[in-house]
Amino acid sequence: MKPLRIIVAGGHPGDPECGCAGTIARYTGLGHEVILLYLNRGEGYCGGAPLDRCASIRTPEAEAACRILKARPVFAGQYDGRAVVDAEHYDAFARILSAENPDIVFTQWPIDRHRDHCALSNLTLDAWLKSGKKPALYYYEVAEDTMMFSPNEYVDISSAESPRRAACYAHVSQQPGKWYPKQVEITRRRGIESGFPQAEGFLRHLESKRAFLP
Ligand SMILES: [Zn+2]
């Protein structure tokens, strides 16, 4: 199989890892190329440190997570908590996506408690439509924020627990001990639905072509 290029887009450093780290590790383990595309550098929160230091704290955390997952980080240049969805930013985001020429794009589900996640989802959908629906498009879920999500495809991530956990815990400033166990509850539940010990669940856009899931 020819190596695929896969983009996993997220509102903040840590979102692609939270929702998809097991699937990412399985893809890269099979020799596929994965890019983690972060809408911003997490300027809005980094534990107790002053906000003007957050980007410089969270960028290396994201880079460390990507090293663990054998993925490549790309930052879309927006600001945490102040996501802009207008003509200019739709175009800028679409340019980033099309420059990478992905075979598959994963993005956050649009019904979500965090504005940045909703924005990221809309930016991705618009770029996908503009591309003529060229890559396959799948949605993912993250603990605490995603609402009303019903996956229809699953990836068995039981063999990827170690890199998955390490990539999430690379986001030290985000206190992963508070949210990682909740994501594991989700993947156990998705596992029950799909017949695996643990699974990440995805919703393929109904107008998207099917793609290889690992
Ligand atoms: Zn987020």
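As the structure lists them, so they are numbered: ligands from 1, and atoms in each ligand from 1. One is the number of the first residue; the rest follow in order along the sequence.
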| query | Relative to the Zn ion (ligand 1), which of the N, O or S atoms in Asp15 is the closest? | reply | OD2
| field | Arg188/Glu185 salt bridge by N-O under 4.0 Å criterion | value | no
| field | Flag if over 12 foreign heavy atoms under 6.0 Å of CE, Met148 | value | no
| Would Phe202 and Tyr139 count as a close aromatic pair, with their ring centres under 6.0 Å? | no
| query | Is the distance between the ring centroids of His12 and Tyr45 under 6.0 Å? | reply | no
| NE2 (His117) to the Zn ion (ligand 1) to ND1 (His12): angle, nearest 10 degrees? | 100°
| query | Would you say His114 has an N, O or S atom lying under 2.8 Å from the Zn ion (ligand 1)? | reply | no
